[in-house]
Amino acid sequence: MADDYDPNGIVDKWLPVWDRLRVFEPRDEGGVDDGGRERRYVVDMFPYPSGDLHMGHAEAFGIGDAVARYTMMRGYDVLHPVGWDSFGLPAENAALKRNMDPREWTYDNIEVQREGFRRLGMSFDWRTRLHTSDPGYYRWTQWLFLRLFERGLAYRKAAPVNWCPNDQTVLANEQVIAGKCERCGTEVTKKNLTQWFFRITDYAERLLDDMALLEGQWPDRVLTMQRNWIGRSTGAYVDFRIEGHDRPIRVFTTRPDTLFGATFFVVAADSPLAAELVTDEQRAALSAYVEQVRKTTDIERLAEGRPKTGVSLGRSAINPVNGEQIPVYAADYVLADYGTGAIMAVPAHDQRDLDFARAFGLTVRKVVETGDDDPADTGIATSGDGTLVNSGRYDGMRKVEAIAAIAEDLRRDGHGEAAITYRLRDWLVSRQRYWGPPIPIIHCSACGEVPVPDEDLPVRLPESGYELRPEGGRSPLESATDWVTTKCPSCGGDATRDTDTMDTFVDSSWYFLRYPSAQDAERIFDPELIARWLPVDEYIGGVEHAILHLLYSRFCVKFLQDIGLLSFPEPFLRVTNQGQVIMAGSAMSKSKGNLVNLQEELAKYGPDAVRLTMLFAGPPEEDVDWADVSPTGTMKWLTRVWRLCRDVGVAGRGTDPATGDVEIRTGVHKLIADATEQCDHKRFNVAIARLMELTTLLRKAVDADALGSASGAAAVREGAEALARMLSIFGPFTAEEVWELLGNEPSVVFAGWPSIDPALLVEDTVTCVVQVAGKLRDKFEVSVDATEDQLREQALASEAVQRALDGRPVRTVIVRPPRLVNVVPG
RNA sequence: GCGCGCCUGGCGAAACCUGGUAUACGCGCAAGAUUUAGGUUCUUGUGUCUUCGGACGUGGGGGUUCGAAUCCCCCGGCGCGCACCA
């Protein structure tokens, strides 16, 4: 045994012991049978194999591991799995750059990270290990696709979609952040392409409603972000006849009460509607405009104060309530894929419409009197409550009455109906890249889109014969001609495979279902193990997935529930977002030159001190600025713990804690109770502070020769063992080492969380605080059952109180026995 | 623009849920002990001012209360999310 604390030596010492004892495998299957425990499923958002582990991994997984280990220590049977999100663009780009096979790059990195996680002391059950890029996994991703396809929830359509010119692929709406590609930051443009979508919009209402189940369990801001993303609006559809056109065009409005104020009509320039409605005279003008719009990136489109543009389509629309003819325009401020892609424009009561009206010299007609100045004069649209004017028989109604009345009249007359629309769009899942699960569809000239039969899954990625580099929206797989050419499963004729692959977010939207039966070759998951472990009790990961991953996973689980494979509506009962590790105020990056290398920190301080430093720096959800913290402090503490336990050694071994010194025990049990309470709320920073206090308390006792008496030794032992057990959730290697120093058999994990003797928490005396006019003047120790009268008397007798009163009479005395007296002067 | 969150010593932070001793724990700093020295380790001190009685102090202002870091309102600063969604 080393003669002082050796932060890295203990890593090599204890890893093989944990492996041998199978410490992190759930007890009631495979390991020690200890049936009857409650189960908990604790999951960390799985890593992307982008290289070696970095500071962010240590932070995120350190928090997840503390949660998992705390849950284990509290006596639950815990499944804490690990896997890799190993398909995706970055791997492919990195491989391209190095002229490597993406497999090689990916699986090499996974090995490096696997070893890194082990050496960080993660309590994973390695049997769960999965990689989304394994055929044994993506087979089931494809299987899931086919189930969606069967039910019409996976479909292909031509649409203007987000296109990243740098990554040469389409992107889901959720992957466009402020107009830029989520991965590379390039400005995203629009392209008309035929793409695969999942009909997540069918689930919009349930995704919104079921958030009630998550309230208080998920971070509020995540719920808010999802709510806003789904974006429910209530209003009405209104059908407008178009002059010289045989079918009416429907619009959505949240303000049917302003129908009489509609003075023009706008369709999205890039929607098929515009092409359908345009007159021959205006066709050239429209094409030129659409061309101009398409070239504009989202960033430019959204620029502040950008003037409204558009082009007349040369027709009129007819307002169903008053027969008025209003001109029809195409403009880019109307979105093709929201609502119906067309709007009635009410410039008086919508700022965007007013801006357009002023740019094109169109009529502004106020129909709701709000008491504000006329929008036609001010250029400021009014949207508040008021009374209807210029609206025929609806004049005089309040806004809300009018909304209901007009919606009802539209329905009765067959001109529309009340409606709800969502901002959420269908999920674009196809990608023109190589490193993802091939879409399991075969295109046959006779049969159309034919699903690959289940028994032919997986559709494996070809391992050669393709050109990896994507180009102009063509998938790399198109160049793998042998792979593409196939027979139609339906008619047996010549056919071709779909050459797109699925987005990596499809892989990750169901992986937590696969862990308990990661090796199952027969089915997507084992229903018995699902029943045993799912849904996820604790899900730990970054807030960057607040919408993307968490929304998609919720959708997939609801779908699997609908087809009878799952019995719960939500995948994650509780979500915790950890903060980031930053350096000197900003995110670490190579270009800023402020990278902190995790491996160097580990070499200097060992994994326990690094983990503790992050956990102790603040609450889990706060960022940690590495410039503000120092592992030397936590390292010093771990050394003190080690020396304390070395000095205690086997003293007091085998004694009944109840025989221990009461004064020491009282202090110990208070600290255990408080640390437990803090851990229950994931306030690990405060819990660690309590463990530090416990260390100091025990050190002082040992220095005062507590070990010289039987009762002192018993109490110190109880405290030191409690310290080791609690330390194990933050600094697992050190905890194991000191547990051994105390003369115990490994593993400390099996010892569980220390219990608290409630009798020791009951205090006989407390400090009573005496205030004069709310300001602290005196305090004294009193019995917990001191009466109001006794306390009042003792307070008034205090010299300090009399001095503060300075001769003033006492108006009243507030007594809150036994802790407080407030003397209020007259 | 809309929505949300945060603001406490030189620094990271406690106490806010449940109003009642503000600054737990750690870093840093200072002094002392140990050491040949540096480092390490240990001890003590560390909100500001002070006439040593106290006074002031949780971004600013106001309110509720016997009593406010804590609850309410206004303002400022910082951060985050959304952003032409009809």
Side-chain angles (χ1 to χ4, degrees), chain A residues 4 177-179 219-229 231-233 235 251-255 258 262 266 268 298 301-306 308 331-335 337-346 349-353 355-356 383 421-425 543 546-547 612-613 616-619 621-634 636-637 639-640 643 674 678 681 683 685-696 699 703 767-779 800 803-804 806 811-816 819-825:
Chain A
D4 204 355
I177 310 294
D220 283 343
R221 61 174 173 154
V222 172
L223 292 176
T224 304
M225 283 164 74
Q226 291 218 355
R227 216 168 266 131
N228 291 341
W229 187 260
R232 181 186 154 109
S233 348
V251 302
F252 176 73
T253 177
T254 53
R255 293 291 304 276
T258 62
V266 189
D298 275 8
R301 276 182 65 142
L302 300 182
E304 196 117 351
R306 183 166 164 270
K308 290 278 180 286
D332 68 353
Y333 84 93
V334 173
L335 307 173
D337 52 1
Y338 183 74
T340 62
I343 63 157
M344 63 176 211
V346 185
H349 306 295
D350 182 287
Q351 191 61 47
R352 296 154 300 181
D353 295 344
D355 293 343
F356 190 89
S383 58
T421 60
Y422 295 91
R423 208 188 80 117
L424 183 70
R425 309 298 152 78
V543 72
I547 294 171
L612 270 158
T613 301
F616 184 54
E621 60 277 11
E622 297 288 308
D623 288 350
V624 176
D625 192 331
W626 203 249
D628 291 336
V629 297
S630 157
T632 54
T634 40
K636 227 181 333 191
W637 173 56
T639 307
R640 286 203 297 140
R643 289 180 187 158
D674 198 13
Q678 302 298 342
H681 295 95
R683 291 189 287 251
N685 55 326
V686 188
I688 292 165
R690 298 298 165 258
L691 300 197
M692 289 173 171
E693 288 179 70
L694 179 56
T695 310
T696 304
R699 182 78 251 173
D703 289 348
T767 306
C768 179
V769 173
V770 184
Q771 303 173 334
V772 174
K775 289 197 168 70
L776 175 71
R777 294 301 168 179
D778 201 0
K779 42 184 147 180
R803 195 164 52 220
D806 195 23
R811 186 172 61 186
T812 177
V813 180
I814 312 263
V815 186
R816 293 280 178 275
R819 289 192 186 272
L820 180 118
V821 180
N822 186 14
V823 179
V824 186

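No hydrogens, no waters, no symmetry mates; every other heavy atom, side chains included, goes into these values.
Going from atom CG of A:L776 over to atom P of B:G53 covers 16 Å, rounded to whole Å. When the C1' atom of B:C82 is taken as reference, atom CZ of A:R227 falls 14 Å away, rounded to whole Å. Atom CH2 in A:W637 sits roughly 14 Å away from atom P in B:C25 (whole-Å rounding). Rounded to a whole Å, the CG atom of A:L820 is 8 Å from the C1' atom of B:G67. Straight-line distance from the CG atom of A:N228 to the P atom of B:G3: 11 Å, rounded to whole Å. Rounded to an integer number of Å, the gap from A:M692 CE to B:C25 C1' is 7 Å. Summarising the geometry, the separation between CH2 on A:W626 and C1' on B:C27 is reported as 13 Å, rounded to the nearest angstrom. Protein atom CG of A:D355 is 14 Å distant from nucleotide atom C1' of B:A86, rounded to whole Å.
Mapping A:T767 and A:A617 onto RNA chain B by nearest heavy atom places A:A617 at the nucleotide closer to the 5' end. In this structure, A:K779 and A:R690 both approach RNA chain B, and ranking their closest nucleotides by distance from the 5' end singles out A:K779.
Summarising the geometry, atom CD1 belonging to A:I547 is positioned 10.0 Å from atom CG belonging to A:L424; distances are rounded to the nearest 0.5 Å. Summarising the geometry, atom CE belonging to A:M225 is positioned 12.5 Å from atom CG belonging to A:D220; distances are rounded to the nearest 0.5 Å.
Residue-to-nucleotide contacts include a donor-acceptor pair under 3.5 Å from the side chain of A:N822 to the base of B:C66. A:E622 contributes no side-chain N or O that forms a donor-acceptor pair with the base of B:G12 under 3.5 Å. Between the side chain of A:R816 and the base of B:G20 there is at least one donor-acceptor pair of N/O atoms closer than 3.5 Å.
The side chain of A:R777 lies closest to B:A55, out of B:U21, B:C66, B:A55. Listed candidates were B:G12, B:A83, B:A86. Nearest to the side chain of A:L335 is B:A86. In this structure, of B:G54, B:A86, B:A15, it is B:A15 that holds the atom nearest to the side chain of A:Q678. Relative to the side chain of A:E693, the nucleotides B:A24, B:A86, B:U21 differ in distance, and B:A24 lies closest. When distances run from any side-chain atom of A:V629 to the nucleotides B:G12, B:A13, B:A86, the shortest one goes to B:G12. For A:T253, the side-chain atoms get nearest to B:A86 when compared with the rest of B:A13, B:A86, B:G12. The nucleotide whose nearest atom lies closest to any side-chain atom of A:D332 is, among B:C25, B:G26, B:C84, B:C84. Nearest nucleotide to the A:T254 side chain, out of B:C25, B:A86, B:G67: B:A86. Distance from the side chain of A:V686 is smallest to B:A14 among B:C84, B:U21, B:A14. Here the side chain of A:V769 is nearest to one of B:G12, B:A15, B:U21, namely B:U21.
More than 12 heavy atoms of other shown residues, nucleotides or ligands fall within 6.0 angstrom of atom CZ in A:R640.
For the pair A:K636 and B:C27, the criterion of a side-chain N or O lying under 4.0 Å from OP1 or OP2 is met. Taking only side-chain nitrogens and oxygens, A:N685 never comes nearer than 4.0 Å to OP1 or OP2 of B:G12. OP1 and OP2 of B:G12 both lie 4.0 Å or more from every side-chain N or O belonging to A:S630. A close approach under 4.0 Å does occur between a side-chain nitrogen or oxygen of A:R803 and OP1 or OP2 of B:G54. Taking only side-chain nitrogens and oxygens, A:Y333 never comes nearer than 4.0 Å to OP1 or OP2 of B:A86. One finds no side-chain N or O of A:R221 lying less than 4.0 angstrom from the OP1 or OP2 phosphate oxygen of B:C82.
If you take atom P in B:G76 and the same atom in B:U23, they sit 33 Å apart, rounded to whole Å. Using C1' as the reference atom, B:C42 and B:G67 are 43 Å apart when rounded to the nearest Å. Straight-line distance between the C1' atoms of B:A30 and B:G47: roughly 16 Å, to the nearest whole Å. Nucleotides B:U51 and B:C7, compared at atom C1', are 36 Å apart to the nearest Å. For the P atom pair drawn from B:C17 and B:G5, the interatomic distance equals 16 Å after rounding to whole Å. B:A13 and B:G26 have their C1' atoms separated by 9 Å, with the value rounded to a whole Å. Spacing of P atoms, B:C71 relative to B:C16, comes out at 10 Å, to the nearest Å. Atom name C1', nucleotides B:A68 and B:G62: the rounded distance is 13 Å, in whole Å.
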If you write RNA chain B from 5' to 3' in dot-bracket form, with Watson-Crick or G-U pairs under 3.5 Å, [ ] for crossing pairs and | for pairs with another strand, what do you get? (((((((..(((.......[....)))((((((.......))))))(((....)))..(((((..]....))))))))))))....
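For A:V769 against A:K779, the heavy-atom pair with the smallest separation is CA-CB, 4.3 Å. Of all heavy-atom pairs between A:A546 and A:Q226, the closest is O-NE2, 2.9 Å. Of all heavy-atom pairs spanning A:A617 and A:V629, the tightest one is CB-CG1, 3.7 Å. Contact record, A:P619 with A:N685: N-ND2, 3.7 Å, taken as the closest heavy-atom pair. The minimum heavy-atom distance linking A:Q678 with A:V686 is given by the pair CD-CG1, 3.6 Å. Between A:V823 and A:P825, the closest heavy-atom pair is O-CD, 3.6 Å.
Taking the centre and axis of the six-membered ring of A:Y333, the NZ or CZ atom of A:K308 falls inside the cone set by 45° and 6.0 Å.
Within 4.0 Å (heavy atoms only), A:R640 reaches sugar-phosphate atoms of the nucleic acid but no base atom. Note on A:G231: nothing from the nucleic acid sits closer than 4.0 angstrom, heavy atoms only. A:T812 comes within contact range of no nucleotide atom at all, as no heavy-atom separation falls under 4.0 Å. Among the heavy atoms of the strands lying under 4.0 Å from A:K308 is at least one base atom, whether or not backbone atoms are also near. A:T634 comes within 4.0 angstrom of nothing in the nucleic acid, heavy atoms only.
Its glycosidic angle being more than 90° from 0, B:G81 falls on the anti side. Classification of B:G12 as anti follows from a glycosidic angle more than 90° from 0.
Considering only residues two or more places apart in sequence or on other chains, A:F252 meets the ring-ring contact (aromatic ring centres under 6.0 Å, His included) condition with A:Y237.
Taking 4.5 Å as the limit, some side-chain heavy atom of A:D4 sits within range of a side-chain heavy atom of A:R643.
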